[in-house]
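Beneath this line is the structure, given in structure tokens, with notes to follow.
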Amino acid sequence: MLSYKFGVDELMTKINILKEEFSHTHEYSPIEQVSSRLKTPESILEKAARKGIDISFDAIRREISDIAGVRVTCSFITDTYRVCELLAGQRDVTVLEVKDYIAKPKPNGYKSLHMIVEIPVFLSDRVEQVKVEVQIRTIAMDFWASLEHKIYYKYNRAVPIDLLTELKLAADVASTLDRSMEHLHDEVRALPEEPDAGRMPAESLRLPENLRVTLGPDTPPSA
């Protein structure tokens, strides 16, 4: 488990470096948020038993690829593929598998870009190659996936059919929102740079004299 933790730390460092670089040297960063998690030993054993995997360290390392996980949240769909390319371009990151659930969503509406990568962890006496699953998705996809996870957990995977129908509908709405926001983003970026265009004069921002505003329960109203 310590090796997997170090693998996550290595990958988180790489992604956070990219995020900070884009924030300082580019127009905007494709990376909004980064988080990580490690499966518990109990969860690992449960998955091994469910999939019929031999309960041994070697078999678990070989057959279970999502013990260590990193999630990258982006603003737009194109950003998810951009982040995937950036990670794949790192010389010490080996991409073992990519599952594109954005282009081909799961039947329940789930969308995300999954990468299984292998990253070297340098220990005092050896170098270990550690598998890490990377999930790259938009904010809308992440919101939907978080809700879906809570519902499946609450019903222990036996979700009523009417809720499954509503979940699929919500996934379609989230997908439409993603496309609309990306279209708006592209239109705004295509506009010429006009720093003062649309900026209201300072005097027009003043409150009318007859408008009284209360700032808080202990603050007297002021004009």
Side-chain angles (χ1 to χ4, degrees), residues 1-22 29-74 79-102 106 108 110-139 141-154 156-157:
M1 293 306 297
L2 203 57
S3 296
Y4 282 105
K5 179 188 179 301
F6 294 154
V8 165
D9 291 344
E10 290 275 0
L11 200 56
M12 288 286 287
T13 298
K14 288 178 176 294
I15 296 170
N16 281 318
I17 286 173
L18 289 172
K19 181 181 179 182
E20 189 165 350
E21 179 204 349
F22 269 90
S29 173
I31 301 169
E32 288 286 343
Q33 190 175 6
V34 190
S35 59
S36 65
R37 62 108 181 97
L38 286 175
K39 280 186 178 294
T40 63
E42 293 80 9
S43 178
I44 295 169
L45 293 174
E46 179 188 346
K47 184 168 186 175
R50 191 170 68 247
K51 291 185 170 292
I53 298 170
D54 182 39
I55 306 299
S56 68
F57 288 127
D58 290 339
I60 287 173
R61 286 194 189 100
R62 184 175 61 252
E63 301 293 336
I64 300 181
S65 302
D66 62 346
I67 294 175
V70 170
R71 182 175 300 157
V72 184
T73 308
C74 307
D79 291 339
T80 64
Y81 292 102
R82 177 63 173 147
V83 172
C84 181
E85 290 176 359
L86 290 170
L87 289 178
Q90 301 263 340
R91 287 193 299 175
D92 56 349
V93 174
T94 303
V95 179
L96 301 178
E97 185 179 12
V98 176
K99 292 182 179 179
D100 189 350
Y101 294 119
I102 297 177
K106 290 185 177 182
N108 66 348
Y110 175 85
K111 283 189 171 187
S112 186
L113 193 60
H114 288 199
M115 301 175 71
I116 303 297
V117 303
E118 204 168 56
I119 189 165
V121 171
F122 294 86
L123 303 174
S124 60
D125 58 345
R126 67 191 184 280
V127 178
E128 280 196 16
Q129 296 293 333
V130 177
K131 289 181 185 178
V132 181
E133 181 190 59
V134 187
Q135 298 177 353
I136 312 170
R137 56 180 66 150
T138 65
I139 297 169
M141 293 174 196
D142 190 57
F143 183 31
W144 183 92
S146 175
L147 176 61
E148 187 245 16
H149 178 76
K150 291 174 183 176
I151 291 174
Y152 270 75
Y153 181 80
K154 179 177 178 62
N156 196 22
R157 297 181 177 271

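- Residue E20 places its CD atom among 12 or fewer non-hydrogen atoms of other residues, nucleotides or ligands, all under 6.0 Å distant.
- Applying the 6.0 Å contact sphere to NZ of K99 captures no more than 12 heavy atoms from other residues, nucleotides or ligands.
- Atom CG in L18 sits 8.5 Å away from atom OG in S29 (nearest 0.5 Å).
- To the nearest 0.5 angstrom, C74 atom SG is 11.5 Å from R82 atom CZ.
- When side chains are defined from C-beta on, V117 does not count as touching L87, because their heavy atoms never get closer than 4.5 Å.
- Contact between C84 and M115 at its shortest, heavy atoms only, is SG-SD, 3.5 Å.
- Taken from CG in D66 to CD1 in I116, the straight-line distance is 7.0 Å, to the nearest 0.5 Å.
- With hydrogens and angles ignored, the 3.5 Å screen pairs a side-chain donor or acceptor of K19 with a backbone N or O of E32.
- Remark: N16 CG to I31 CD1 distance equals 7.5 Å, nearest 0.5 Å.
- For the pair Y101 and M141, the minimum side-chain heavy-atom distance is 4.5 Å or more.
- Residue F143 places its CZ atom among 12 or fewer non-hydrogen atoms of other residues, nucleotides or ligands, all under 6.0 Å distant.
- Between N108 and W144 there is a side-chain heavy-atom pair separated by less than 4.5 Å.
- When side chains are defined from C-beta on, Y4 counts as touching R61, because their heavy atoms get closer than 4.5 Å.
- Remark: the backbone N or O of H114 is not paired with any side-chain donor or acceptor of S112 at under 3.5 angstrom.
- More than 12 heavy-atom neighbours from other residues, nucleotides or ligands sit within 6.0 angstrom of NZ on K106.
- A donor-acceptor pair under 3.5 Å links the side-chain atoms of R37 to the main chain of I67, judged by distance alone.
- Counting heavy atoms from C-beta on, the side chains of Q33 and S35 never come closer than 4.5 Å.
- A 4.5 Å side-chain heavy-atom check between M1 and I44 finds at least one atom pair inside the cut-off.
- Between V127 and P120, the shortest heavy-atom distance links the atoms CG1-CB, 3.9 Å.
- In this structure, T80 OG1 and D100 CG are separated by 7.5 Å, a value rounded to the nearest 0.5 Å.
- In this structure, R137 CZ and D142 CG are separated by 5.0 Å, a value rounded to the nearest 0.5 Å.
- Using a distance-only test at 3.5 Å, with no hydrogens or angles considered, no donor-acceptor pair links the side chain of K5 to the main chain of A68.
- Residue V121 comes nearest to S3 through the heavy atom pair CG2-O, 4.0 Å, listed as atom of the first residue, atom of the second, then distance.
- By the 4.5 Å heavy-atom criterion applied to side chains, K14 and D92 are counted as neighbours.
- Proximity of Y81 to L113: side-chain heavy atoms (C-beta onward) are separated by under 4.5 Å at one or more points.
- Scanning both residues, V8 and V132, for their nearest heavy atoms gives N-CG2, 4.4 Å.
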